[in-house]
Amino acid sequence: MKELVEVVAKALVDNPDEVTVTEKVEGRNIVIELHVAASDMGKVIGKQGRIAKAIRTVVKAASFKDNTRVDVEII
C-alpha cells in the first residue's frame, strides 16, 4: 500500500523528491502517512478534498483483498 500512495503522490506534485510515505502497522489496521512540500499540499488535497478522497478510495479498494483496514493521513 505504501508504494501505491507514493506513486500516486509523486505523479501529482511539482516536487516529487520531497514526498515521504511512512507506514505504521497496528494489528489489522495500517496507517499510511503522506508528507509533501507545503507548496504541493493543495495539489494532493484538491478542491474540496476530492483528490485526497480519491487516493483514500483507491487504497481502500486495494486493501480489501488483504482483509486489512488502511487509513491515509496527509501531513
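Sequence positions, counted from 1, serve as the residue numbers for this chain. These figures come from a predicted structure and were not determined experimentally.
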D17: partners by side-chain hydrogen bond (donor to acceptor under 3.5 Å, both in side chains), with sequence neighbours left out: none
With a 4.5 Å cut-off on side-chain heavy atoms, are I51 and I45 touching? no
Taking salt bridge (Lys or Arg N to Asp or Glu O under 4.0 Å) as the test, write out the residues that go with D66, two or more places apart. none
With sequence neighbours left out, the residues meeting side chain to side chain contact (heavy atoms under 4.5 Å, CB included) with E23 are M1, K2, I30, I32
With sequence neighbours excluded, give me every salt bridge (charged side-chain N to carboxylate O under 4.0 Å, His left out) pair touching residues 24-40. K24-E33
Quick check: do V8 and V58 have side-chain heavy atoms less than 4.5 Å from each other? no
Test log, rule side chain to side chain contact (heavy atoms under 4.5 Å, CB included), inputs D71 and N29: CA-CA 8 Å; D71 294 324; N29 295 336; 5.7 Å; no
State the CZ-CG distance between R56 and L34, to the nearest 0.5 angstrom. 9.5 Å
Could you tell me whether the side chain of T68 reaches within less than 4.5 Å of the side chain of V70, counting heavy atoms only? yes
Residues in side-chain hydrogen bond (donor to acceptor under 3.5 Å, both in side chains) with K60, at least two apart? none
Test salt bridge (Lys or Arg N to Asp or Glu O under 4.0 Å) applied to E6 - qualifying residues, sequence neighbours left out: K10
Any side-chain heavy-atom pair of L12 and I55 under 4.5 Å: yes
Which pair of heavy atoms, one from T22 and one from H35, lies closest together, and at what distance? OG1-NE2, 4.3 Å
Identify the two heavy atoms, one from I74 and one from M41, that lie closest to each other, and give their separation to 0.1 Å. CG2-SD, 3.6 Å
